[in-house]
Structure formats: C-alpha cells, structure tokens
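Report on the following structure.
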2 protein chains.
Amino acid sequence: MSEAGARPTLEAVAARAGVSRATVSRVVNGEAGVREVLAVKVRRAVDELGYVPNRAARSLVTRRYDAVAVVIAEPETRVFADPFFALQLRGISKELTAHDVQLVLLLTEGRADHARVGRYLSGGHVDGALVFSLHLDDPLPVIINGAGVPTVFGGRPGWAGGEDSVRYVDCDNRGGARSAVRHLAGLGRTRIAHITGALDQTSAADRLDGFRDVLPGADARLVAEGDFTPAGGERAMRRLLDRCPDVDAVFAANDLSAAGALRVLRASGRRVPDDVAVVGFDDMLPVAEQADPPLTTVRQDIEEMGRLMAAMLLRGQDRSPAPDHAASVVLPTELVRRDSA
Amino acid sequence: MSEAGARPTLEAVAARAGVSRATVSRVVNGEAGVREVLAVKVRRAVDELGYVPNRAARSLVTRRYDAVAVVIAEPETRVFADPFFALQLRGISKELTAHDVQLVLLLTEGRADHARVGRYLSGGHVDGALVFSLHLDDPLPVIINGAGVPTVFGGRPGWAGGEDSVRYVDCDNRGGARSAVRHLAGLGRTRIAHITGALDQTSAADRLDGFRDVLPGADARLVAEGDFTPAGGERAMRRLLDRCPDVDAVFAANDLSAAGALRVLRASGRRVPDDVAVVGFDDMLPVAEQADPPLTTVRQDIEEMGRLMAAMLLRGQDRSPAPDHAASVVLPTELVRRDSA
DNA sequence: TTGAAAGCGCTAACAG
DNA sequence: CTGTTAGCGCTTTCAA
C-alpha cells in the first residue's frame, strides 16, 4: 500500500519492475504480447507500490471515461415517495460495477437544471447516459439527443416519433393492465373502476389503454385520475365512490395509489375483497405485502429493468461496427395474487 | 453549438479570440486580471464554438476532480424500503450542483464490494467521500479512513473512538426520543413501550437511550426490538401486546415501524390514540401523513442533513490552512403532533 | 516482444 | 496584463 500522499505513477512501477512505461501499460490493461516473466515482475511492482492508474490521464488519451450518467428528472415528489428509482438504481449499479464503470448521478429539479445536464453530457465527461424521462412534455430528451451521447431511456419516452429512434427499457404496462382487469372480470366483477397514474407519463397512459382494451365500453365515470401517490389514490377512490357507489372492483395504476384506495374503502365501511376487489401494479414489496389486506398486483421486475438499461448502454459501446441497434426491450409482467382480489 | 464530433479545445478558442491559451484559461476559470476587452472576445469565442473544458485534462494538472463519491452501504433491504437515502441524496445533490461538483454514486452490497470502494477512493478519482455507514461493525469506515480521502459520515459512526477523529452529520436522536416519550407521559400514559430500530445502528441505539433517559425504571418487557421496517414493527407490536396487554402508548423508532404497529393495534381491536397512543420518528411524509390515524412523530430534516454533509465536505476542501475542523453537526428535532398521540 | 517518443487538453510558473 | 513554456500520467504509434 505504501504511504498516502504521493501516489505512484506508471513510471514508478516501470522503474521498479525494470521495464518501460509502455510495457507496464500493456500489462495493466491486459494486452497480450508481453512475456510472462516480465508480466509477473510488473504485477508484483504494481502490488508492492499499490499502483492505481490515474483515470484523468488515461481518459485524456483514450477519450473514454468509464463513467455513465444517470439522469433522474423528477419535479419534486415521486422519486422520493416510492422506491422505484432506488430499485432501478440498484440494478444499474450492479451492472456498471461489473464492468468497472462509474455511475454519475444527475438529479434535476425543474428547467433550470436542464441546461446544466445538457452541458454536462455534451461536455464529454461520460460515455453514455441512462435517462428517466417521465413526462410527455419533458424537454430533456431533446436536449439529450442534442448532446450526442449514447443514451438509453427508462420507460417508453413520450415524445412524438421517439419510439424508433430511441432505445428504452420498459415493462409491458398495457399487457399488465389487461391481465389485472381480466382477473377482476374473471372474479365476476361487473363494475370495474380504474384509478389512473399521472397521465402525462407513458406508463400511466399505457395502463389506462390496457384497461380500455378489456373494457372498451366502460362507464366513463369508472375512470378516475390519480397521480401514483397514496393521496392521489385516496382522492380518486373518493370520487369513484361518489359517482358510482356500486363499484365492485378497482384496478389502481400502482401499489401506492392502491394503498390509498384501500384506506378510503375501509373508511367507507366496504370490505376488501368481499365488497370491492382491488388490484395494484408494481409489486412494490413493502407496500403490497404490508397493505391491509395484502395486495394482488401486477409485478414488474424493476431492478432487472435497471440492469438491462445499463447492459444495453454498455453493449452499444463495444464499438461494435454495426451498432446492432439492439432495439428497445419490453419486459413481461406477472399477476401476483394475494388477498385483495 | 457547432457540430458534434470534434469538440473544440482551449487552443481553438484562443485562435478564434486572437489571444493565447493562457488568457482563455484565465477567463474560463474566472481569474481576475484580464482586460475586459479581451475577456469579452474570449467569452464570445467560447459561445460560438460551444467550448466546454475537458475535465480530464484539467484534473490531470490540478489534481482536483470536482467530484465526490457518495457511498451507501446497505446489505439489501433498507435503502430501498424507505425514502431516507433518497431524501438525503437530494440534499447532497443540490449542494454539490451549486458548486459544480459531480456526484459519483457507489452502492455496495456485502464485503466483496468493500475492497472495490476502497480502491476507488484511494485511487484518487474524487475529492472526497460522503459515507453512510450504518452498522456498528461495518468495516467500511476503516477502509475509508485508510484511503486518505476527506470524508463526512451520515449518521454518527458506531466504531469505537470514532467520534472525535471523524466528521459526521446526524440529528439529535436521543433528544428527539426524549421529547417523544415525554409527550406520551404528558398525555398521562403510564405503560409506555418502545419499539426499537435495528440496534446495530447508532440511531436506533441513541433513540433507545433517549427512551431510557425519561423512563429509567421501565419494565424491560416494554421494550421490543424492531428493525426499522413495517414488518419488524408488526412483530414487535405483537410481542408487546402479548407480554403487556395493558400498554397504553408506544414510541416507535421510526415511522415505518410505527405504521406496522398501527396495523397490529387496529387488528387487535384497540383504538389509536384512545386506547394506545403512538409516536413515530422521522416524519417521513408519505408514511406519517398517510398513516391511519396520521402519525404524531419526531421530525428530522433529512434533506438538510444531506446538504450539510456536502457543504461540510466542500468547505474542508477550500484548502483553508487550518482545516477549521468544523466538528460534527447534530441537528435538532421537532415533535410534530398529528392524531396518533 | 519491447522501448522511445509524441502527444491528449489543460494549468501554472515565469518572463516580458 | 499577457504570452511562452513546461509538464500532469497515460496510451499509442513506430522502430528496433
């Protein structure tokens, strides 16, 4: 390990091993074509000195940064109310770590930060970006596209024409919603309501579409707009109860709003699932399992989505000649039955 | 903005502005002592060319990285179950952004990752580290101390002798716990129980100490060990009810476990706060406000703690001669009354 | 298979 | 106040 302070350079290692800097560089970078005797000497010197390559120097010549930016744009609320991003981050982190790539986190709040992010990305400090762009009208995608950095989006981006020119990872929101609603219908429920998510996000819009796929002629009053939060779920449920006291099932756009709905149903004296069956979306364990009653819900593998995003970005960077435009990925969902429906 | 691809260098800007590289450098870095006429020319050239400094080149000579690592070591669970870290991250991010410093996120899972983190930190890629080391026996602090990187811890570190040699930001866990318990006592409750957090974390230990400060002679059966999770809170509450059916108040170590306790109390037919008063800790809004009934709790300003950690680290980096060993900071807490007590 | 030498883009003395 | 000149530590031709 040697003393702190002056960290050893390639030069020092070369001197100690009795070879040239070039040779040390080759060994350190695992290039073939170095006699094993020398390689051994070099590795020993590296260990003895506690040599760690200087990334700045390396980047300067290679123009690679071994770092990717994770951009999370979320005006205030959601990021911190539900563990969604945390899980996604974990998946990303695992994959990046496995490739020895650093994760630079860029949190933005409002437009003011957009310019900063754009500058950072186009400034050439990272090899790519993983972006969570949740709102239909978000200007960030455009800025990022302009930055000329390889990018993978988390969730289908909502901007027009985006889908084919852009790589993203998402779950099958629409199909998942369909399976939830079909499940409720299969239970014999006939007044099935939907609490939407924030409809300026594609995931919410897609889930609503899925609901409509199964129930094309549904009473419009059976759809109440929520915002993915428990409070929003409560409000929506109250509205629903007001308008249609005879609802016998609710498909909520996520577990958090389902939890809110559950509370309102209980307060109204209704029993779940006897009087009203409830299905959520996400299978956010701490929420779904702890709900009262435990929530039947549509599971998506959030951590895996994160891992995939990172893998996709990294793969694209192999400089593989044909970018193999590994199109976007849409993961399947799975209905998890518990007690609420 | 000019075309992507070949990004302009200092040299290009200098040529365009008709000055030397040194002058451009001075203007870009805001150093005084450049005639305004020239400065204007330079700034214009910068804009026209869309020049962004190459960080790698800059770091190579300045030995500063304008980046700090945020290390979150949490075996699996907690990070993702509660918004604690997310809030802290937001505070950190805001402060770093304001100083144009990047946030490199290092998530670790288990011992295997410790070495990696140590290597990264001592590798000289960041100017400092913000570390969340939550467990008493965590080897990470030692590794990090060995890395010779300025560090600020989130939460009082638990290792022996740590307190004076280490900088940290924490809230007044013990005092907050005292105020919670005093509040319950003030309500006339006489059988006050405590659901602890994970006792290998100083925050949990400190809150337990606070409980004992107020109730030194408390029946040992009134203390049940939890783990900061809702499920842990449920288990603890059940144990409590078993052992002492006459409990009339509960101080839970955080809002999440209070929520679990609430559920068990309700299931047991007890009314809150009439039969049993409940106080939490954190004032995690989505949890505390949405609880049924809304939770009386001890608020700590988590985001501010994050901001402070970053500020403290950055300040220490001013190369101020006397490190001003801006000792650690312990933020006050505040009891927030809602309906549960 | 190895070494010598030339930079990558920038800052920081040091002159002028 | 401004320009010239050395490198920072590393990779990468190019010769040997």
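If you're wondering where the values come from, they're calculated on a predicted model, not measured in any experiment. Sequence lines set the chain letters: A, B, ... in the order given, protein chains first and strands last, and positions in each chain run from 1.
- For the pair Ser20(B) and dT4(D), the criterion of a side-chain N or O lying under 4.0 Å from OP1 or OP2 is not met.
- Closest to the side chain of Thr62(B), out of dC10(C), dC10(D), dA12(C), is dA12(C).
- For the pair Leu60(B) CG and dC8(C) C1', the computed distance is 9 Å after rounding to whole Å.
- A straight line from NE2 of His125(B) to P of dC8(D) spans 19 Å, rounded to a whole angstrom.
- Regarding contacts with the backbone of dT11(C), a side-chain N or O of Ser25(B) is found under 4.0 angstrom from either OP1 or OP2.
- In this entry the distance linking OH of Tyr51(A) with P of dC10(D) reads 3 Å, nearest Å.
- Within the model, atoms CD of Gln88(A) and CZ of Arg307(A) stand 11.5 Å from one another, a figure rounded to the nearest 0.5 Å.
- Arg55(A) has its side chain out of reach of Tyr65(A): every pair of non-hydrogen atoms, C-beta onward, lies at least 4.5 Å apart.
- Comparing dT2(C), dT11(D), dC1(D) against the side chain of Val61(A) picks out dT11(D) as the nearest.
- The side chain of Ala57(B) sits closest to dC10(C) out of dG9(D), dC10(C), dT12(D).
- The phosphate of dG9(C) (OP1 or OP2) has a side-chain N or O of Arg63(A) nearer than 4.0 angstrom.
- The shortest distance between the side-chain N/O atoms of Asn29(B) and the OP1/OP2 oxygens of dT11(C) is below 4.0 Å.
- Proximity of His114(A) to Thr108(A): side-chain heavy atoms (C-beta onward) are separated by under 4.5 Å at one or more points.
- Rounded to whole Å, atom P of dC10(C) lies 15 Å from atom CD of Glu31(B).
- Tyr65(A) places its OH atom 17 Å from the P atom of dC10(D), with the value rounded to the nearest Å.
- Distance from the side chain of Asn54(B) is smallest for dC10(C) among the nucleotides dG3(D), dC10(C), dC10(D).
- Between Phe132(B) and Met309(B), some side-chain heavy-atom pair lies under the 4.5 Å cut-off.
- Once rounded to the nearest 0.5 Å, the distance linking NE2 of His125(B) with CD of Gln102(A) reads 7.0 Å.
- Put simply, the side chain of Arg26(B) and the base of dG3(D) share a donor and an acceptor less than 3.5 Å apart.
- A sub-4.0 Å separation between OP1 or OP2 of dT11(D) and a side-chain N or O of Arg58(A) is present.
- The separation between Arg35(B) atom CZ and dG3(D) atom C1' is 13 Å, rounded to whole Å.
- At whole-Å resolution of the value, CG in Asp66(B) and P in dG9(C) are 19 Å apart.
- Side-chain contact check for Asn29(B) versus Arg58(B): some heavy-atom pair is nearer than 4.5 Å.
- In this structure, Arg21(A) reaches the bases: a heavy-atom distance under 4.0 Å links it to at least one base atom across the strands shown.
- In this structure, NZ of Lys41(B) is placed 16 Å from P of dC1(D), rounded to the nearest angstrom.
- Side-chain atoms of Ala22(A) lie closest to dT12(D) of the nucleotides dT12(D), dC10(C), dT2(C).
- Of the residues near DNA chain D, Leu10(A) and Gly33(B), the one whose nearest nucleotide (by heavy atom distance) lies more toward the 5' end is Gly33(B).
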